There are 2 protein chains.
Amino acid sequence: MSKVEKRDEIFRAALELIAEHGFHGAPMAMIAERAGVGAGTIYRYFENKDVLITELYSEIEGRIYPVIMEGYPEIKAFRERFLHLGTALLRYFIENPLDFRYLEQFHNSPYGVEFRRDRLLGEIEERFVFRELFEVGIAQQVMKDVPLAILFALAFGPLLSVARDHILGFVTLDDDLIARTIEACWDAVRR
Amino acid sequence: MSKVEKRDEIFRAALELIAEHGFHGAPMAMIAERAGVGAGTIYRYFENKDVLITELYSEIEGRIYPVIMEGYPEIKAFRERFLHLGTALLRYFIENPLDFRYLEQFHNSPYGVEFRRDRLLGEIEERFVFRELFEVGIAQQVMKDVPLAILFALAFGPLLSVARDHILGFVTLDDDLIARTIEACWDAVRR
DNA sequence: TAATATGGAATGAACGTTCATTCCATATTA
DNA sequence: TAATATGGAATGAACGTTCATTCCATATTA
């Protein structure tokens, strides 16, 4: 295994274990075993467990932005822009359940609170696109004139909730249901 | 301190510490200290930490139902019923931030996953009222005809998200903003 | 080219610490 | 006085991290 591969294996193992069992269900020894490396080896790649957890978070964040932005710039109509981003994000989550669960674990932990200080939720670039879109929406009076945080809640709250329910098997989302869910979110935020 | 008082003190201490710092930021010794009892004493009232955590959850659940049901039975119009329950729940959360944060911690932990198996989220009686209301709403064609889990997500997702943002200080909810938020949730679920 | 030396990566046993739980001498209650 | 409750020290399991040692690809030497 090359250096990069080994680092990736550690990431993968940590992602799997933490997404499924939480931070405390993923001891370093178990991560090492699943990654196929010695326990001490992890510390050659990551200073400590906190750093591993935080860097893995950034890694996952970095994967999402390009995916949801695919095809986005060409869309001009406001409503369709909203639907595109919402659908793409929801799709990403249900297609990458480990990533989703990891983000959830992270956000609902002491790590996450710190992060949410300056960006309410989600990835920083990603969040930037949404913020921009929402600010235009308010200015053009197509969206409700409420604080951004509330628009975010109306748009992302259901999205996260629905993604989790799908992943846990409480509901099965198909294309039709995804579309109707995002449209319902649109109903919530539009004027 | 009487037996009941002591039990209450343990509950209060556990609630405070867990709501603020999570389950792992609340060691039994710390709970005991804050409750003003010996570490061993807790085990006279609760078999172990799991039982303490689970019973505290039930305790909090039990407080919510009567509050949100106050005045509810007299309301006949469907939309107003929805707004009443939503508003009452959101109000309860922002007036009882420790309760809210505890429920969040619980739901986002291995304890919570188990609980969500048979009731998607929230208290069992509470959930029952909502389920009943939503089923009527679908039958009468005033709500969107999507799976219950999705209606729950559309109604509660934003509610939880907004409550958290308020408690963390990212937004300040006044009566007007609460009303507009719940009305936006209504827009999401209604036909 | 073959034999040897080198340095840094990898290993996993060992260590210190944290924590839930138990134990038991003492205090309180009936 | 007997029965019960209390508190906090003691226990042992679990965990993150360290570190002496091994391993191995590459460089150096003969």
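Convention: sequence-line order gives letters A, B, ...; per-chain numbering from 1. These figures come from a predicted structure and were not determined experimentally.
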Starting at atom [atom1] of [X], determine the distance to atom [atom2] of [N], rounded to an integer number of angstrom.
| X | N | atom1 | atom2 | result |
| --- | --- | --- | --- | --- |
| A/Leu52 | D/dC15 | CG | C1' | 15 Å |
| B/Glu47 | C/dA20 | CD | P | 16 Å |
| A/Glu33 | C/dA10 | CD | P | 18 Å |
| A/Ile31 | D/dT17 | CD1 | C1' | 13 Å |
| B/Phe46 | C/dA20 | CZ | C1' | 16 Å |
| A/Lys49 | D/dT17 | NZ | P | 8 Å |
| A/Ile42 | C/dA9 | CD1 | P | 16 Å |
| B/Asp50 | C/dC19 | CG | C1' | 14 Å |

- request: Treating a pair as Watson-Crick (purine N1 to pyrimidine N3 plus N6-O4 or O6-N4) or G-U wobble (N1-O2 and O6-N3) with both distances under 3.5 Å, list the stems of 3 or more consecutive pairs that involve DNA chain D.
  value: C:1-30 with D:1-30

Are the aromatic rings of [X] and [Y] close, with centres under 6.0 Å apart?
| X | Y | value |
| --- | --- | --- |
| B/Phe134 | B/Phe152 | yes |
| A/Tyr102 | A/His107 | no |
| B/Phe156 | B/Phe130 | yes |
| B/Tyr111 | B/Phe23 | yes |

[X], nearest nucleotide to its side chain (from [options]):
| X | options | result |
| --- | --- | --- |
| B/Val37 | D/dG7, D/dG8, C/dA9 | D/dG7 |
| A/Ala39 | C/dA20, C/dG12, D/dA5 | C/dG12 |
| B/Tyr45 | D/dT6, C/dT11, C/dA10 | D/dT6 |
| B/Lys6 | C/dA10, D/dT6, C/dT21 | D/dT6 |
| A/Thr41 | C/dA10, C/dT21, C/dG12 | C/dA10 |
| B/Met28 | C/dT21, D/dT6, D/dC15 | C/dT21 |
| B/Arg44 | C/dT21, D/dT6, C/dA9 | D/dT6 |
| B/Tyr43 | C/dT22, C/dT11, D/dT6 | C/dT22 |

field: Residue mapping more 5' on DNA chain D - nearest nucleotide basis, A/Gly40 or A/His24
entry: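 With A/His24 and A/Gly40 compared, the 5'-side residue is A/His24.
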
- prompt: Is the cationic atom of B/Arg81 (NZ for Lys, CZ for Arg) positioned less than 6.0 Å from the six-membered ring centroid of B/Tyr72 and within 45 degrees of its normal?
  reply: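 Positive - B/Arg81 is close enough to the ring of B/Tyr72 and near enough to its axis.
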
query: With a 4.0 Å cut-off, would you call A/Arg101 and A/Glu20 a salt bridge?
result: no

query: Picking from A/Arg191, A/Arg190, A/Lys144, what satisfies salt bridge (charged side-chain N to carboxylate O under 4.0 Å, His left out) with B/Asp187?
result: A/Lys144

